[in-house]
Amino acid sequence: MLVTTEMETQENQVTVINAGIRGNNTSDLLIRVDKDILDHDPELVVMMVGTNDMLNLPKILTLMQYESNYQELITKIKKKSKLLLITIPPVDNESITKRIGRDLYGLSSKERVDVANTIIKRLALKNKCDLIDLNLILTACGGATENNESIFQNMANTNAIDGLHPTKSGYLTIGSVVYQAIACFMPNVKRIFCFGDSITFGYRMAGEGKVIGDSYPAVLNRILNSTK
């Protein structure tokens, strides 16, 4: 069940809704896109999905199925809303291998993520969608490592074998980047749905699943409404 916190609409205020659910892949998003997104009159949907499709063993899809699902999501959403696509973040190969015990279909975790992002970029170009290359940005910020300073959760900074979910600092970076894209290309939108999996949900963050706390939708909400 989707749990969101929606701010009361006031003059010049932007409504941001956290529509991320832990463990979701593109098949899950297709199941709930109407009920959770399109039935609620979005002006802009910010979509980031693919980590589970690539790396979560119970949710893994073939690359062909991932691309097909992703294209169907684009088609459905663009009929009713503006759409901003986001590439999926980098991961720490060593941590992911510890979690799942092996490589996947002969590819490392990083290679699976890279292939997914190639698909996202291709579909963004094909469908004339705005795109944030978040993977490139977060890699430039140090990427996912096992160091305490990493912007991704790991044993050193959260006492968890993770390697793919951002820290508070990582989410602050994501929210800021999404804000900059909206301010540049879609400055007048008032109703924004952040659609995705546990990275959108804000796994292990204060206010997870909401637009208060430290998830990227919460960061986005604060920035957008503090500038009004």
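If you read the sequence from its start, that first residue is 1, and numbering goes on from there. These numbers were taken from a predicted model, which means no experiment stands behind them.
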Exercise for the section: Check whether any side-chain N or O of Glu111 sits under 3.5 Å from a backbone N or O of Ser108 as a donor-acceptor pair, and report yes or no. Expected result: yes

Practice task
Please list all pairs passing the salt bridge (Lys or Arg N to Asp or Glu O under 4.0 Å) test where one or both residues lie in residues 40-53, with sequence neighbours left out.
Solution key: none

Exercise for the section: Taking all non-hydrogen atoms of both residues into account, name the closest pair between Gly175 and Val219 and its distance. Expected result: CA-CG1, 3.8 Å

Exercise for the section: Under the salt bridge (charged side-chain N to carboxylate O under 4.0 Å, His left out) rule, collect the residues that match up with Lys80, sequence neighbours excluded. Expected result: none

Practice task
Take Ile192 and Leu224 through the side chain to side chain contact (heavy atoms under 4.5 Å, CB included) test and state the conclusion after the steps.
Solution key: CA-CA 11 Å; Ile192 301 168; Leu224 283 169; 3.6 Å; yes

Exercise for the section: Apply salt bridge (charged side-chain N to carboxylate O under 4.0 Å, His left out) to Arg22 and list each qualifying residue two or more places apart in sequence or on a separate chain. Expected result: none

Completion exercise
Between Val49 and Ile120, the two heavy atoms sitting closest are O-CD1, 4.2 Å

Practice task
Could you tell me which non-hydrogen atom of Asn225 sits nearest to which non-hydrogen atom of Asn221, and how far apart they are?
Solution key: ND2-OD1, 2.9 Å

Problem - Ser109 vs Asn93 side-chain heavy atoms within contact, under 4.5 Å - result: yes

Practice task
Mind checking the CD-OH spacing from Gln65 to Tyr70? Nearest 0.5 Å is all I need.
Solution key: 15.0 Å

Handout entry: Any donor-acceptor N/O pair, Gln153 side chain to Arg204 backbone, under 3.5 Å
Key = no

Practice task
Give a yes or no on whether a salt bridge exists between Asp28 and Lys59, defined as a side-chain N under 4.0 angstrom from a carboxylate O.
Solution key: yes

Problem - Partner set under side chain to side chain donor-acceptor pair (under 3.5 Å) for Lys78, not counting sequence neighbours - result: none

Exercise for the section: Determine yes or no for a side-chain-to-main-chain donor-acceptor pair under 3.5 angstrom, with Asp34 supplying the side chain and Asp39 the backbone. Expected result: no

Practice task
For residues Val189 and Val14, report the shortest heavy-atom separation together with the two atoms involved.
Solution key: O-CG2, 3.8 Å

Problem - Under 3.5 Å: donor-acceptor pair, side chain of Thr167, backbone of Gly170 - result: yes

Handout entry: Remaining members of the apolar cluster that contains Met155, side-chain heavy atoms under 4.5 Å
Key = Ile161

Exercise for the section: Under 4.5 Å between side-chain heavy atoms, chaining through other members, with only Ile, Leu, Val, Met, Phe, Trp and Tyr counted: pull out the rest of the cluster around Leu125, sorted by chain and number. Expected result: none

Exercise for the section: Would you check if His165 and Ile199 make a side-chain contact, meaning some heavy-atom pair closer than 4.5 Å? Expected result: yes

Handout entry: Partners meeting side chain to side chain donor-acceptor pair (under 3.5 Å) with Asn127 (sequence neighbours left out)
Key = Gln71

Practice task
Could you tell me whether a side-chain N or O of His40 sits under 3.5 Å from a main-chain N or O of Lys35, the two making a donor and an acceptor?
Solution key: yes

Exercise for the section: Check whether any side-chain heavy atom of Asn154 lies under 4.5 Å from a side-chain heavy atom of Asp92, and answer yes or no. Expected result: no

Problem - Ser176 vs Ile223 side-chain heavy atoms within contact, under 4.5 Å - result: yes

Problem - Distance-minimising heavy-atom pair for Gly143 and Phe152 - result: O-CD1, 3.4 Å

Problem - Nearest-0.5 Å distance, OG of residue Ser27 to CG of residue Leu61 - result: 4.5 Å

Problem - Asp36 CG to Leu29 CG distance, which is reported to the nearest 0.5 Å - result: 9.0 Å

Practice task
Show the numbers, then the answer: is there a side chain to side chain contact (heavy atoms under 4.5 Å, CB included) between Ser150 and Asn157?
Solution key: CA-CA 8 Å; Ser150 177; Asn157 58 35; 4.2 Å; yes

Practice task
May I ask whether Phe185 and Leu134 are part of the same hydrophobic cluster, defined by side-chain heavy atoms of I, L, V, M, F, W, Y residues being less than 4.5 angstrom apart, directly or through others?
Solution key: yes

Exercise for the section: Side-chain contact test, heavy atoms from C-beta onward, threshold under 4.5 Å: evaluate it for Leu38 versus Val33 and give yes or no. Expected result: yes

Exercise for the section: Taking salt bridge (charged side-chain N to carboxylate O under 4.0 Å, His left out) as the test, write out the residues that go with Glu72, two or more places apart. Expected result: none

Exercise for the section: Check whether Tyr203 and Ile96 end up in the same hydrophobic cluster, where Ile, Leu, Val, Met, Phe, Trp and Tyr are linked by side-chain heavy atoms less than 4.5 Å apart. Expected result: no

Exercise for the section: Please report the shortest heavy-atom distance between Pro217 and Val16, naming the atom on each side. Expected result: O-CG1, 3.7 Å

Problem - Beyond-backbone contact of Pro89 with Met48, side-chain heavy atoms, under 4.5 angstrom - result: yes

Problem - Criterion side chain to side chain contact (heavy atoms under 4.5 Å, CB included) on Leu85 and Ile74, from CA distance to verdict - result: CA-CA 9 Å; Leu85 302 179; Ile74 290 174; 3.9 Å; yes

Exercise for the section: Return the set of residues passing side chain to side chain donor-acceptor pair (under 3.5 Å) with Asp114 (not counting sequence neighbours), or none when no residue passes. Expected result: Lys110

Problem - Under 3.5 Å donor-acceptor, Thr87 side chain and Asn135 backbone - result: yes

Exercise for the section: Would you confirm whether Ser81, through its side chain, and Ile77, through its main-chain N or O, come within 3.5 Å as a donor-acceptor pair? Expected result: no

Practice task
Check whether any side-chain heavy atom of Ile88 sits under 4.5 Å from a side-chain heavy atom of Asn117, and report yes or no.
Solution key: yes

Problem - From CA spacing to verdict: side chain to side chain contact (heavy atoms under 4.5 Å, CB included), Leu63, Arg112 - result: CA-CA 9 Å; Leu63 297 175; Arg112 293 274 296 178; 4.3 Å; yes

Exercise for the section: For Asp130, check salt bridge (charged side-chain N to carboxylate O under 4.0 Å, His left out) against everything at least two apart and list the hits. Expected result: none

Problem - Lys168: side-chain contact (heavy atoms from CB on, under 4.5 Å) partners, not counting sequence neighbours - result: Met205, Asp214

Completion exercise
For Ala183, the side-chain contact (heavy atoms from CB on, under 4.5 Å) test, sequence neighbours excluded, returns Tyr179

Handout entry: Residue pair Thr200 / Tyr216, side-chain heavy-atom distance below 4.5 Å
Key = yes

